[in-house]
Amino acid sequence: MRVVKVNPTNPEPSAIQEAAAILLRGGLVAFPTETVYGLGANALDANAVARIFAAKGRPSFNPLIVHVPDEAGARALVREWPEHASLLAEEFWPGPVTLVLYKREIVPDIVTAGGDSVALRVPSHPVALALLRVSALPLAAPSANRSTSLSPTTARHVEQSLGDRVDLIVDGGPAEVGIESTVIDLRGPQAIILRPGVIGPRELEPLVGPLGVRGETRGEAPRPAPGMLERHYAPRATLVLFACEDAARVVAEANALTSRGRNVGMVVLDDSPATGRVARLPRDVNRYAQRLYTTLHELDDAGCEVVYVERVPEGSAWDGVRDRLERAAKAQD
Ligand code: TXA
Ligand code: MG
């Protein structure tokens, strides 16, 4: 495995060509996107995609996101391109929004976990875009970490999690958004959020109208929610969520554990009453998201066995962050 550092805004052509060559011969390249690092392979090569599942230890029923350089690249992979897709692509691509649509036959079954739909997105990171353009391949790319563990926001996180399971890591600096894209199902008349992200209902509804509710049937078979595994996005430490008003009790508990020799961490909002060894994150959802995984990686690296995390504010703007925290906490139930 090799790590090649590139200029994040204007990547060196030689590095991009090296990465593209690996992808063209069926190899695995980890590369930065604006959300998290992706583990990429040629989406049209079933054998290459199989290597992604093997490297991640990912169950085969969990489908992958396919990255394309532009809307035309997306349309080439789907049977239908509804009006909502045009509107969302126009507004949010390149960016952290993934659209689920009916796939064309050329998309191998292994990418979609045997399903009839494919998840597509145009990433905005210049390095990802350069790789898509130079390779001229659609790239299947889940987050570049072992399945069920914390997603990587830096090249070092990828290296720590995947090591020699990947052929090349393109280091384009830290990811800016910090949590994975919003996944939106556009197969029915109403758009449905399958995975919340930093783009939420407030940004989406003006364009596509009221969002549908996941699991509602509308006379069709219930939609599967593949990938909605419980133990997902989890740090190694046990993560415990607590409400702000319980801060005093939680700090006392943390201190008691610490005095018994346990390694305890705490993540709180910047105005939290909690004191002691705490990592403070901004009460601004975008800046919070940007630092969440990085902070949890740091606490893992520091050997924390338990991490107490203050609950984030209510409201749909925080849906993406709240979702990741709740899953990480649930993972250790
Ligand atoms: O921000 C992101 O989306 C990152 C970067 C690398 O682009 N990628 C990412 O991929 O998070 P992954 O594979 O870790 O997450 C894919 C998510 C899963 O929740 C999966 O269930 C959902 O997308 N998904 C993929 N294909 C789907 C499909 N055909 N139908 C429904 N959900 C799908
Ligand atoms: Mg993932």
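Counting starts at 1 for both ligands and their atoms, in listed order. Values reported hereafter were calculated over all heavy atoms of this structure, with side chains retained and with hydrogens, waters and symmetry mates removed. Note that the numbering runs from 1 along the sequence shown for the chain.
When only modelled atom types and interatomic distance are considered, T98 and R195 share no side-chain donor-acceptor pair under 3.5 Å. Looking only at atom types and distance, the side chain of E180 has a donor-acceptor partner in the side chain of S151 under 3.5 Å away. Between the side chains of R277 and N255, not a single donor N or O lies within less than 3.5 Å of an accepting N or O. With hydrogens and angles left out, the side-chain atoms of R291 and T153 include no donor and acceptor closer than 3.5 Å. With no hydrogens or angles considered, a side-chain donor-acceptor pair links N7 and T9 at under 3.5 Å.
Ligand-side atoms of ligand 1 in range of R121: 1 (O), 2 (C), 3 (O), 5 (C), 7 (O), range being under 4.0 angstrom from any heavy atom. Below 4.0 Å from some heavy atom of P142 lie the following atoms of ligand 1, by number and element: 10 (O), 12 (P), 13 (O), 14 (O). Listed by number with element, the atoms of ligand 1 under 4.0 angstrom from any heavy atom of H67 are 5 (C), 6 (C), 7 (O). Atoms of ligand 1 found under 4.0 Å from any heavy atom of N62 (numbered from 1 in listed order, with element): 20 (C), 21 (O). Within the listing of ligand 1, atoms 1 (O), 2 (C), 3 (O) sit less than 4.0 angstrom from a heavy atom of S181. In summary, the atoms of ligand 1 found under 4.0 Å from a heavy atom of I65, numbered by their order in the structure, are 3 (O), 8 (N), 9 (C), 10 (O), 16 (C), 23 (O).
Looking at ligand 1, you won't find any N or O of R187 less than 3.5 Å from one of its N or O atoms. The shortest N or O to N or O distance between T35 and ligand 1 is below 3.5 Å. Not one N or O of T112 is nearer than 3.5 Å to an N or O of ligand 1, by distance alone. Between K56 and ligand 1, no pair of N/O atoms sits closer than 3.5 Å. The shortest N or O to N or O distance between Y37 and ligand 1 is not below 3.5 Å. The N/O atoms of R195, backbone and side chain alike, include one that comes under 3.5 Å of an N/O atom in ligand 1.
Note that CZ of R121 is 7.0 Å distant from CD1 of I65, once rounded to the nearest 0.5 Å. How far CG of L239 is from CG of L296: 6.0 Å, rounded to the nearest 0.5 Å. Put simply, CD1 on I110 and CG on L64 are 8.0 Å apart, with the number rounded to the nearest 0.5 Å.
With a 6.0 Å radius and a threshold of 12 heavy atoms from other residues, nucleotides or ligands, R202 has its CZ atom at or below the threshold. In E176, the CD atom is not crowded: 12 or fewer heavy atoms of neighbouring residues, nucleotides or ligands sit closer than 6.0 Å.
Here S151 does not reach the Mg ion (ligand 2): none of its N/O/S atoms is less than 2.8 Å from the metal.
Summarising the contacts of atom 14 (O) of ligand 1 with A175, S143, P152, the nearest heavy atom is found in S143.
For L194, every heavy-atom contact with ligand 1 shorter than 4.0 Å involves the side chain, none the backbone.
Using a 4.0 Å cutoff on heavy atoms, K103 does not count as a contact of ligand 1. Residue contacts with ligand 1: P96 is excluded, as none of its non-hydrogen atoms falls under 4.0 Å. Heavy atoms of A141 come nearer than 4.0 angstrom to ligand 1 in at least one pair.
Residue C304 comes nearest to V264 through the heavy atom pair SG-C, 4.0 Å, listed as atom of the first residue, atom of the second, then distance.
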